[in-house]
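Counting starts at 1 for both ligands and their atoms, in listed order. Predicted model, so just to flag it, every value in this text is computed and none were measured. Counting from 1, the numbers follow the sequence of the chain as shown.
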Amino acid sequence: MSVFTPLARPELETFLAPYGLGRLLDFQGIAAGSENTNFFISLEQGEFVLTLVERGPVQEMPFFIELLDVLHEADLPVPYALRTTDGVALRELAGKPALLQPRLAGKHIKEANAQHCSQVGELLGHLHLATQDNMIKRKTDRGLDWMLEEGTQLLSHLNAEQSDLLQRALEEITQQKTKILALPRANIHADLFRDNAMFEGTHLTGLIDFYNACSGPMLYDVAIALNDWCSDEAGLIDGPRARALLGAYAALRPFTAAEAELWPTMLRVACVRFWLSRLIAAESFAGQDVLIHDPMEFQQRLAQRQKVSTPLPFAL
Ligand SMILES: Nc1ncnc2c1ncn2[C@@H]1O[C@H](COP(=O)(O)OP(=O)(O)OP(=O)(O)O)[C@@H](O)[C@H]1O
Ligand SMILES: N[C@@H](CCO)C(=O)O
C-alpha cells in the first residue's frame, strides 16, 4: 500500500490539536494513491483527510493551497487546506509538507458511462472558467521538455515496437511544441482520472488530488481526462462517452479552431505523459509495497491514438 510515511498516534495527536476539531477518534492509512501519503482522520468534529506531500519542492505548496481556495470559493466540489486556530494552512509532519482537508463524500467509479463523462466534462469546464482570467502561474514538472528528456532516456529500455511508438510521439512533440504552448491556458488539474473523482450515483461529488495541477493548455486537461474516462479495454476511444464529455465541456467553453486542429496530437501527448511516468515509477518502486499503475495501458492507448476518429465539437 502507498503509505510512504507511517505515523504513530501521539505525533498525529500533537499535529491535529491546533485545528481545534476535538479529540482524535480514529485514523487509517489509505492504500489507494501512488504519489502521496494519505490518512483518513476521524475527529470529534468530523471526517478529514491528512496528506503528506511526498513529491516536489515545498516552495510549490502555497500554489496548491491558493488554487484550492479559489476553486472552493467558486463552489466547485474540491478539498481545501483547513487552517489551524492561528490561521496556518501549510504544516509539517514527519519532515513532509502536510495539509488537513475535509473528507469529500462519494466513491470512485470503475465503469464510467456517458452520464459520468458528461459530469466530468462539465466540471472541467467550470474549473477552467474559474481560473482562465486569473490564472495562478505554476510550471508543471512533467511538461513537454520533461517528456522529451525522460522519453529519450527511456528509449533504450524499451523493445523495438515500443521505442518506435515512443520515438514517433517524441518527434511530434518537438514539431508541435510551439503551437501546443500557444493554446488557450488556465489552471489545469492535469490528472483527472477516475481515481481522482468521487461520485454518488451519477452525481459528481468531488475532485481530489491537485498535486499535478499547474498553469497550462486547457486542451491538455481535456485530453488527459478523456484518455482515462472514455477508453475501452483495447485502448480505443468510446464514441458515446467521448461525445458526452466533450459536449458538456464545450457547452461551457467552446473549443477554438487551433484546439480542434491540435486535438489528435494532444491526445497522444497526454498518453506519452502517463506512459513515461508509469514506466519511471515501475522502475523506481519495483519490489516495494507501492501501488504501481500499468504502463502498458498507455502504450496501448498511444498506439490506438495514431488515428483519432472523435473530432472536437467545433463549429466553423
Ligand atoms: N479529500 C478527500 N476526500 C475523500 N477521500 C479522499 C480525499 N483525498 C484523498 N482521498 C482518498 O485517498 C485516495 C488517495 O488520494 P490521492 O489520489 O490524492 O493520492 P495520490 O497518491 O496523490 O494518488 P494518485 O495515484 O492519483 O497520484 C483517493 O483515492 C481517495 O480515496
Ligand atoms: N493518475 C496517474 C497517477 C498519478 O499521477 C496514473 O494513473 O498514472
Looking only at protein heavy atoms, which one is nearest to [atom], and how far off is it?
atom: atom 1 (N) of ligand 1; result: P102 O, 3.2 Å
atom: atom 31 (O) of ligand 1; result: H108 NE2, 3.2 Å
atom: atom 19 (O) of ligand 1; result: N38 ND2, 3.1 Å
atom: atom 3 (N) of ligand 1; result: L104 N, 2.8 Å
atom: atom 11 (C) of ligand 1; result: I30 CD1, 3.9 Å
atom: atom 25 (O) of ligand 1; result: S34 OG, 2.6 Å

Kindly identify the option in [options] whose heavy atom sits closest to [atom].
atom: atom 2 (C) of ligand 1; options: V49, L192, N196, V78; value: V49
atom: atom 14 (C) of ligand 1; options: P79, A105, A281, A32; value: A32
atom: atom 3 (C) of ligand 2; options: E297, H293, R194; value: H293
atom: atom 26 (O) of ligand 1; options: I292, I208, D209; value: D209

(request) For atom CD of Q306, decide whether the heavy atoms of other residues, nucleotides or ligands shown that lie under 6.0 angstrom number more than 12. (result)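 Enclosed.
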
For [X], take its heavy atoms, then give the atoms of ligand 1 lying under 4.0 Å from any of them.
X: R103; answer: 3 (N), 4 (C)
X: M198; answer: 4 (C), 5 (N)
X: H293; answer: 25 (O)
X: D195; answer: 29 (O)
X: F40; answer: 5 (N)

(message) Against R253, only a single residue in H126, Q132, H128, E259 fulfils side-chain hydrogen bond (donor to acceptor under 3.5 Å, both in side chains); can you say which?
(response)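 Single side-chain hydrogen bond (donor to acceptor under 3.5 Å, both in side chains) partner of R253 among H126, Q132, H128, E259: E259.
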
(message) K96 and side-chain hydrogen bond (donor to acceptor under 3.5 Å, both in side chains): which single residue from T5, T51, T37 fits?
(response)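 Only one option passes, and that is T5.
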
(message) Looking only at distances, can you tell me whether any N or O atom of Y211, backbone or side chain, sits closer than 3.5 Å to an N or O atom of ligand 1?
(response)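 In this structure, Y211 places no N or O atom under 3.5 Å from an N or O of ligand 1.
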
(request) Would you check the N or O atoms of N36, main chain and side chain alike, for any that come under 3.5 Å of an N or O of ligand 1? (result)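 The answer is yes, given that N36 and ligand 1 share an N or O pair closer than 3.5 Å.
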
Check [Y] with [X], please: is the shortest side-chain N to carboxylate O separation under 4.0 Å?
X: R168; Y: E161; answer: no
X: K177; Y: D145; answer: yes
X: R23; Y: E13; answer: no
X: E261; Y: K179; answer: yes
X: R273; Y: D191; answer: no

Counting from 1, what ligand 2 atoms have a heavy atom of [X] closer than 4.0 Å?
X: N212; result: 5 (O)
X: E35; result: 4 (C), 5 (O)
X: F193; result: 1 (N), 6 (C), 7 (O)
X: R278; result: 6 (C), 7 (O), 8 (O)

(message) Parallel, tilted or perpendicular, judged at 30° and 60°: which one describes the rings of F4 and F285?
(response)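 Correct class here is tilted.
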
(message) Below 30° counts as parallel, above 60° as perpendicular, anything between as tilted: where do the rings of H189 and F210 land?
(response)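 Perpendicular, since the angle between the ring planes exceeds 60°.
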
(request) Using only heavy-atom distances, determine whether the side chains of R305 and N227 contain a donor-acceptor pair under 3.5 Å. (result)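 Yes.
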
(message) Looking only at the side chains, is there a donor atom on one of H157 and Q162 sitting less than 3.5 Å from an acceptor on the other?
(response)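 No, no side-chain donor-acceptor contact under 3.5 Å.
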
(request) Return yes or no for this condition: an N or O of D191 is under 3.5 Å from an N or O of ligand 2. (result)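 By distance alone, the answer is yes.
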
(message) If I compare all heavy atoms of L124 with all of A225, which pair ends up nearest, and what's the gap?
(response)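 It is CD2-CB, 4.0 Å.
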
